[in-house]
Amino acid sequence: MNKSVKTILIIVGVGLLAYGIYTMIIPETQLSIGDLDIVTQQDNTNAYITIGLGLVALLISFFGGKKV
């Protein structure tokens, strides 16, 4: 595998992992207007998908060019 492709995959993988972890950790959204409280539940499905894609990109970059 070309060295520049490996570098791009590593950068994309680390970025996706960081973004997925960030979206998982941020608290749920809460809006208070007087006596009315609006709470939005946090859905981590997209965070899990993003983390998975980041791991796949990293694994491809590390093991993609090696011959068996």
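Numbering starts at 1 and runs along the sequence shown.
Annotation: side chain of Y48 is in contact with side chain of M24 (closest heavy-atom distance under 4.5 Å). Between T23 and N46, the closest side-chain pair of non-hydrogen atoms is not below 4.5 Å. The side-chain heavy atoms of F62 and I10, taken from C-beta on, include a pair separated by under 4.5 Å. At least one side-chain heavy atom of V14 sits less than 4.5 Å from a side-chain heavy atom of L58. L16 places none of its side-chain heavy atoms less than 4.5 Å from the side chain of I51.
To the nearest 0.5 Å, atom CG of residue N44 and atom CD1 of residue I49 are 11.0 Å apart.
Linking Ile, Leu, Val, Met, Phe, Trp and Tyr residues whenever their side-chain heavy atoms come within less than 4.5 Å leaves Y19 and L55 in two separate clusters. The cluster map of Ile, Leu, Val, Met, Phe, Trp and Tyr, joined by side-chain heavy atoms under 4.5 Å apart, puts L17 and F63 in the same cluster.
Of all heavy-atom pairs spanning L9 and S61, the tightest one is CB-CB, 3.6 Å. For the pair A57 and G13, the tightest heavy-atom approach, listed with the atom from each and the gap, is CB-CA, 3.9 Å.
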